[in-house]
Structures are given as structure tokens and as C-alpha cells.
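Okay, so here's the structure we're looking at.
Numbers here are sequence positions counted from 1. Order of listing sets the numbers, starting from 1, for every ligand and every atom in it. Keep in mind that the numbers below use all heavy atoms, side chains included, and drop hydrogens, waters and symmetry copies.
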Amino acid sequence: MPTYESLLYINAEWCSAADRGTKDVVNPATEEVVGSVAQATGEDIQRAIQAAKIGFDHWRKVSPQARKTILKKIAALITERRESLALMMTLEQGKPLEEARLEIDRTVDVFEWCAEEASRTYGRLLPQRKPGSREMIIREPIGPVAGFSPWNFPAAMTARKIAAALGAGCSMIIKPSEEAPAICVGLVQACHDAGVPPGVLNLLFGPSNEISTALIESPVIKKISLTGSVPVGRKLSSLAGQHLKPVTMELGGHAPVIIFDDADIEKAAAMTAAFKFRNAGQVCLGVSRIFVQKKIYSQFLACFLGHVSRLTVGNGLEPDVTMGPMVNQRRVDAMNDIVADAQARGANIRYGGKRWGDKGYFWQPTVITDITDDALLMTDEPFGPVVPVVCFDDFDEVIERANQLPLGLAGYAFTRSLARATATEDGLDVGWIGINNFSPALAEAPFGGMKDSGIGYEGGPEGFAAYTQIKFISQDSL
Ligand code: NAD
């Protein structure tokens, strides 16, 4: 198996950390070391800030059409390298190889869409107030951006930040997670090979807190973008607030799926099982509370358990595996706590409930019933392969229960009734809704949460515009 050395990338050069050495990267399926990742020091962070400053001064003057050409080239290079990038991702992050390939395809889509959007950053001309005057609004890139991307979709989430920032004319310092660094190195290498100029994109790995504090406090950095957990989101947002810097925060969710009694039960059960256990349940949009209407509860549960029992757990490199390990021991411990809490409250473990195998960070696909709404599994985002199936009586009750958490990222429903579908769309306090489907995040759609699930949007014109700022200009002829 290949091993990867993930270095820092500053001012278009790959470099080791100044004097801090490296950290091991572990394959979560085998617990073997598959690489190392450099750990930036304060000196490296300051070099990256200076590079991003100079990079921005150059890049902001490059035409949108030229930026578009470079982003398109990045997409083409990632497509060419699809197989090796997907392999890296599976080795470091654990997801089945086919899921990793699909993520690479989404990554390409993001670069292609942002390439097009770069040439659509229009301003506005206001109606004239007096002859000879012009009142107009133009958009400019906001400046050097600090981006923090997570380990669950290490390519697609990192690409969303890089592609939109560079497309809008910003420079970026990206700090991905240390769990899956090599895939981010692969993306940055594609950017380098496609001709992104020095300083426009810089990559740091290392102590998260030290790096985020230094970047947010630097007067050079003008915007912060994080995909991560609610506690980290709160921390970075408050620090950014002290410096009056705008943020985009993509944080956690606890998505309900509501199965109404007129749904296609077989279809709903098959789709929910496939979606829930994708990426071993480590998906912010993923389903984590299944509400089933009383009349069809038993039938749905039997059907759902049938699908869950056909999942194949194992190393994502093996061809028939449909669910890999979780990313690290922390997630295994979290599943342990959630299941223990459910058991202590008298819930029924209908499937799974334990660690899987004796090597790797695997957890059995787990289905829990007869659980109360105040159990840990119902209140805290599990971010793993554990799901409750609970019963409800009527529409108003289920919408109230679905909305009762401080999180509001995504929600789903299965029904044949147009009236119920529309009422559900109106009733759920979430930013992303699927009716009879589970849509992945699309490059062209704004993705963002309500309540504690985040601030702002990523993706779509709204996400792109967040990397720009506005100037109003009033001009008279002399
Ligand atoms: P965590 O809270 O320790 O870290 C979450 C992410 O933030 C990681 O990528 C981490 O590298 C980064 N991070 C941590 N501290 C940081 C700091 N001070 N500055 C900048 N970045 C920082 O949690 P974890 O154990 O890695 O992941 C579990 C939780 O994270 C889950 O419960 C889930 O809610 C959340 N998460 C959400 C997403 C998402 O897509 N929204 C992705 C990954 C993780």
C-alpha cells in the first residue's frame, strides 16, 4: 500500500514544518500508519499569511475569464487523477472506494460550477436620479480567506472553499483536518499544476487552535469559513466577531426523516437505509431521527431492518463493502456513550449495538427503538452508524418533535400527498429539504443551516457571493 507524506504548501512551494516535525496518519480500517502530516509552527503560519497577502494583490487583478480557465483546468486534472485520489481518501478516511470515487466526481463538479460562476459576478446599475449621473453597485473579492475543512468529505468540502474563494478572486489559506490530509494535498497539487499563481492558495496542517487563532487575529485575513462541529463553530465565530470579520459556518445537524402512512414503504425503507449508513453515518446532512406514522410503523421497521441486515461492513478497499469504519477512536467512544445511554433508558437495540471486529474503528450498523425524545441519541448529533426509529400519531406532533432541537440543517419526508409534502416543507425549520429523496449537496444550490446549524451558505450563487464585497459608486459627469 502507498504511504503519503502531507507537507505544507506556502507561496507555491511544498515544505516541511519549520521545527515541529510530523504527526502519523492512520488508516481507520486497519489502524496502520499510512502517512505523516506536517505540523505548522507560528513561523509557518506567518509565512502563509504574507504569501496570501501578496497572492491576493496579484489574483484580484486577474480577469474572471482567466480565473475560470484555471479552475476548469483544475477540474480536468482532478478527473484525470480520479482513481489515485479516491484510493488516498479510502486509505485515510475509510469510506468505501466507490463512495470516494463519487466524492471526487462531486469535487470536479464544484470546480466546474465555480469556474462558470466566476464570470457571472455581476454588479447592478440603478435607475438614474438625474441626467449624466451613474449610480452603480460593483462586487469585489473580499480578500485573503482562512478556510477550515473537515475529514468526513475531505475532498468535496475542501473544494467548496477553495473553488469559490479562488473563483471570486480571493486568496486562501486552507487548513484541512489531520485525519485525511493527503487528499487535500492532491487537490492543492492539482491547483498548482493548473497554474494557480504563488501565494493565491496556501495549505497548513497542524494544531487547529493555534492556526485558527493566528489566522483570525491577523489583519490580513478578511473572512473565515469553517465546516465542522457546533462547539468549534461557536469558538471561531466569537473570535471572528471580536475582529468584526464575516464568517461562513457549516456546522452540525440532526436531520429527521418523516415517513407518513401514505408513503411507498419499500422505497422509503431502502433509501433511508442506504442514506443513513453512507460514510458510516458521518454526514452532516445524514438522517439521524426516523419518525414513522403509527399505522405503518411495524411494516416500515421490518423492511428497514431487512435492508440494514444486508449492509456489508469492512475495509473500504474490498469490493463488496458498503460501510467502512468511522474516522477515529473518538467516534467509536461517542457511539459507545450513545448506545449505553439508550440502554440505560430502557430502549431496545433492534440491530447491532456494538463495536465490529477487533481491528479498526468499526461500529455495527445499529437500529434502536422504544427510545424517548430526551435520550442522547435523540438530542445530540450521533455522527455515526446509529439510528433511532420512533413512532408518531399526527402531522402537528411530528413537526413539533422534528423541530424541537436547536439544530436545523436538513429534514426529509416520504409521502404521496402533495398537501402533506408542501405542509412539511413549510413546517420544518431546516435549510435543506428532501421530499421522497435524499439530495446530496449540489454545487449550484445554497447549502446552509438554521438555528445552531450554521451561519451563511456554501454553494450556489449565495455561497459564491460570500467571498465578495460590495461597493456603491455614485458618479457625475463634470
Ligand atoms: P471536533 O469538534 O474536534 O472537530 C470538528 C472539525 O473542526 C475537525 O475537522 C477539526 O479538525 C476542526 N477543528 C477543531 N478545533 C478547531 C479549531 N480550534 N480551529 C479550527 N478547526 C478546528 O470534532 P471531531 O471529533 O473531529 O468531529 C466530530 C463532530 O464534528 C461531529 O459530531 C460533527 O458534529 C462535527 N463535524 C461536522 C461536519 C460537517 O460536515 N458539518 C464535519 C466533520 C465533523
Side-chain angles (χ1 to χ4, degrees), residues 6 23 25 28 37 39-40 45 92-95 103 106 145-161 173-181 183-184 203-217 221 224-240 247-255 278-286 288 326-335 337-338 361 376-377 379-386 405-410 430-432 440-441 447-449 451-459:
S6 296
K23 203 170 145 184
V25 179
V37 54
Q39 299 291 291
I45 300 169
E92 289 191 344
Q93 198 273 347
K95 65 182 65 178
E103 187 178 333
R106 278 178 58 201
V145 179
F148 302 91
S149 60
W151 44 260
N152 59 338
F153 290 96
M157 298 293 127
T158 305
R160 282 177 142 215
K161 298 185 195 305
I173 301 175
I174 185 85
K175 158 47 183 95
S177 77
E178 258 100 89
E179 273 88 354
I183 180 69
C184 304
L203 170 70
L204 292 177
F205 295 109
S208 296
N209 205 31
E210 191 179 324
I211 295 176
S212 56
T213 305
L215 294 184
I216 296 171
E217 286 181 344
I221 300 297
I224 322 300
S225 172
L226 164 81
T227 304
S229 63
V230 175
V232 176
R234 273 191 215 290
K235 193 171 179 173
L236 300 203
S237 298
S238 23
L239 188 56
V247 297
T248 300
M249 293 281 147
E250 292 300 336
L251 309 175
H254 204 333
R278 189 170 66 109
N279 202 10
Q282 302 164 118
V283 183
C284 55
L285 280 176
S288 42
M326 286 179 295
V327 77
N328 55 29
Q329 181 63 38
R330 279 204 309 283
R331 300 304 326 136
V332 177
D333 297 342
M335 296 311 106
D337 292 348
I338 285 170
Y361 309 124
L376 202 54
L377 177 58
T379 58
D380 285 29
E381 180 184 31
F383 225 65
V386 180
L405 301 179
L407 297 164
L409 193 59
V430 298
W432 190 265
F447 174 63
K451 302 191 270 186
D452 290 358
S453 287
I455 302 174
Y457 300 91
E458 209 159 54

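- Close approach of ligand 1 to L236 (heavy-atom distance below 4.0 Å) involves ligand atoms 19 (N), 20 (C).
- A donor-acceptor contact shorter than 3.5 Å links the side chain of R331 to the backbone of P382.
- Distance alone, capped at 3.5 Å, is enough to place a donor-acceptor pair between the Q93 side chain and the K95 backbone.
- Protein heavy atom nearest atom 6 (C) of ligand 1, with residue, atom name and distance: G228 CA, 4.1 Å.
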Taking it one step at a time, do T248 and K161 satisfy side chain to side chain donor-acceptor pair (under 3.5 Å)?
CA-CA 10 Å; T248 300; K161 298 185 195 305; over 6 Å; no

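- Between I455 and the options L251, L226, V247, a side chain to side chain contact (heavy atoms under 4.5 Å, CB included) holds for only V247.
- Protein heavy atom closest to atom 18 (N) of ligand 1, with residue, atom name and distance, is N209 OD1, 3.3 Å.
- Heavy-atom proximity to atom 22 (C) of ligand 1, evaluated over D380, V232, L285, is greatest for V232.
- Against a heavy-atom cut-off of under 4.0 Å, E250 is close to the following atoms of ligand 1: 41 (N).
- Looking from atom 28 (C) of ligand 1 to the surrounding protein, the closest heavy atom is R331 NH1, 3.4 Å.
- Among protein heavy atoms, atom 24 (P) of ligand 1 sits closest to R330 NH2, 3.4 Å.
- Every residue was checked against the ring-ring contact (aromatic ring centres under 6.0 Å, His included) condition with Y361, not counting sequence neighbours, and none meets it.
- A salt bridge links R330 to E179: one of the charged nitrogens lies within less than 4.0 Å of a carboxylate oxygen.
- The cationic group of R160 does not satisfy the cation-pi geometry with F153, failing either the under 6.0 Å distance to the six-membered ring centre or the 45° limit from the ring axis.
- Considering backbone and side-chain atoms together, E179 places no N or O closer than 3.5 Å to any N or O of ligand 1.
- Atom 43 (C) of ligand 1 has P150 CB, 3.5 Å as its closest protein atom, hydrogens excluded (heavy atom only).
- Residue contacts with ligand 1: S229 is placed with a nitrogen or oxygen under 3.5 Å of a nitrogen or oxygen of the ligand (distance criterion only).
- For atom 40 (O) of ligand 1, the nearest non-hydrogen atom of the protein is C284 SG, 3.3 Å.
- When atom types are taken as modelled, the side chain of S453 and the backbone of L409 share a donor-acceptor pair closer than 3.5 angstrom.
- Considering backbone and side-chain atoms alike, S177 places every N or O at 3.5 Å or more from each N or O of ligand 1.
- Scanning all protein heavy atoms for the shortest distance to atom 27 (O) of ligand 1 gives W151 CZ2, 3.4 Å.
- Put simply, the side chain of S238 gets close to the backbone of K235: a donor and an acceptor are under 3.5 Å apart.
- For the pair E381 (side chain) and G253 (backbone), a donor-acceptor distance under 3.5 Å is present.
- For F447, the ring-ring contact (aromatic ring centres under 6.0 Å, His included) partners at least two apart in sequence or on another chain are W432.
- Taking any N or O of S212, backbone or side chain, at least one lies under 3.5 Å from an N or O belonging to ligand 1.
- Atom 10 (C) of ligand 1 is not flagged as protein-proximal [any protein heavy atom, distance under 4.0 Å].
- Shortest contact from atom 34 (O) of ligand 1 to any protein heavy atom: E381 OE1, 2.4 Å.
- Atoms of ligand 1 lying under 4.0 Å from any heavy atom of F148, numbered from 1 in the order shown and given with element: 20 (C).
- Where the criterion is an N or O separation shorter than 3.5 Å, residue side chain and backbone included, T227 fails it with respect to ligand 1.
- Checked against a 3.5 angstrom limit, the closest N/O atoms of L251 and ligand 1 fall inside it.
- Side-chain atoms of Q282 come within 3.5 Å of backbone atoms of V327 as a donor-acceptor pair (strictly under, hydrogens ignored).
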